[in-house]
J.: 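Sending over a structure as structure tokens; questions will come in a sec.
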Amino acid sequence: MAGKVLLHGGAGEWNISKDEEERVKDALRKAVMAGMKALKKGSALDAVEESVASMEDSSVLNAGRGAYPNIEGDIELDAGIMDGKTLSAGAVASVRNVPNPVRLARLVMEKTQHVLLVADGAERLAKGFSLYEAFKLSTARKKRYTAEIRKFIGQKWIKDLPIAFEKHLDTVGAVAIDDEGNLAAATSTGGTAFKLPGRVGDSPIPGAGFYASNGHGAASASGVGEAIMKYLLCMKVVASLGSLASPFSVLKTEINSLRGVYGPELAGVVAIDSRGVPSVYTDTKAIAIGYGVADGSTRVDIARKEKLDELNTLLIRQIPG
Ligand code: GLY
């Protein structure tokens, strides 16, 4: 089977200018290429790590250097990775000054006996493997956040703060299948805008923000972590990917079911099943995706919800774009 990588740059409103759209699409294209390059000489696991690391480096998505800060202006990152062949997983949460938390998550998986390391402990591991590098929110972004936060002081309880600010930003993630049929998934994020220090969402929680299991499928989620983790969205998607239903209808059913419990516009997912069938669905206005197949065809898109039927057909037929 030809290897494939399917990634997302987040589910959200994606109400952005043409210039911003071009920058995002460029970042998605680079991430697809990084994943495809890794697939050529490595595994599905290498592909998801490289695609996600590329998006973390882009500075235009909510991950790595481009991530949302917390309410105090500090960037705290979460990421997770899973190998569908061994069902091994690694994750980090609330880490600062680690521009590529997905690489640290893989180290947790491969070099420790643990699954999830947080904050200072995770940062110490990063220092030991040259993954620690001090960085801060840019002055311009800090100014914009501070101004935005001021609007809410004295007017609303913390629980009413918006979960998005720069309308398009959310989590990034990738799923892949290699030519041996191994599946993998990875997800990385700065979390929701205006989060409290120490808040952790779904992205580093196996079964919530990511999951992979050979014979079933691999999934990576984007959206509001509080809903996704209570619903264990990726676990439910992957468990159903082995059923007779089409992958697209599995995603639709699970995301609509989450919507029924927690409300509208909370989640999007990308997935690949064990036969290599890709699928994308979101209950938000749109989702940014990138797709690459080992034969060389690639597609990037910021797909509106109402165009997802069409997008899924294009992906399955491997029509480039
Ligand atoms: N889905 C990312 C988060 O809520 O943290």
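Whatever order the structure lists ligands and atoms in, that order sets their numbers, starting from 1. Please read these numbers as outputs of a predicted model, since none were measured by experiment. All residue numbers in this chain count up from 1 along the given sequence.
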J.: Validate the cation-pi geometry between R65 and F135: distance from NZ or CZ to the six-membered ring centre under 6.0 Å, angle to the ring axis within 45°.
T.: yes
J.: Other than V277, what residues sit in its cluster of Ile, Leu, Val, Met, Phe, Trp and Tyr side chains whose heavy atoms are under 4.5 Å apart, directly or through others?
T.: I316
J.: Scan the side chains in residues 196-204 for donor-acceptor partners under 3.5 Å anywhere in the protein, sequence neighbours excluded, and list what turns up.
T.:
| residue | atom | partner | partner atom | Å |
| --- | --- | --- | --- | --- |
| R199 | NE | E226 | OE2 | 2.8 |
| R199 | NH2 | E226 | OE1 | 2.7 |
| R199 | NH2 | E226 | OE2 | 3.2 |

J.: Which hydrophobic side chains are connected to M82, either touching it within the sub-4.5 Å cutoff or through other members that do?
T.: L87, F210, Y211, L232, M235, V238
J.: When you measure from the centre of the six-membered ring of Y231, is the NZ or CZ of K236 closer than 6.0 Å and no more than 45° off the axis?
T.: yes
J.: Is atom NZ of K85 surrounded by more than 12 heavy atoms (other residues, nucleotides or ligands) closer than 6.0 Å?
T.: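 Open: at most 12 neighbouring heavy atoms sit under 6.0 Å from NZ of K85.
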J.: Which protein residues come within less than 4.0 angstrom of ligand 1, counting heavy atoms only?
T.: T171, T189, G191, T192, R199, G201, D202, S203, G223, V224, G225
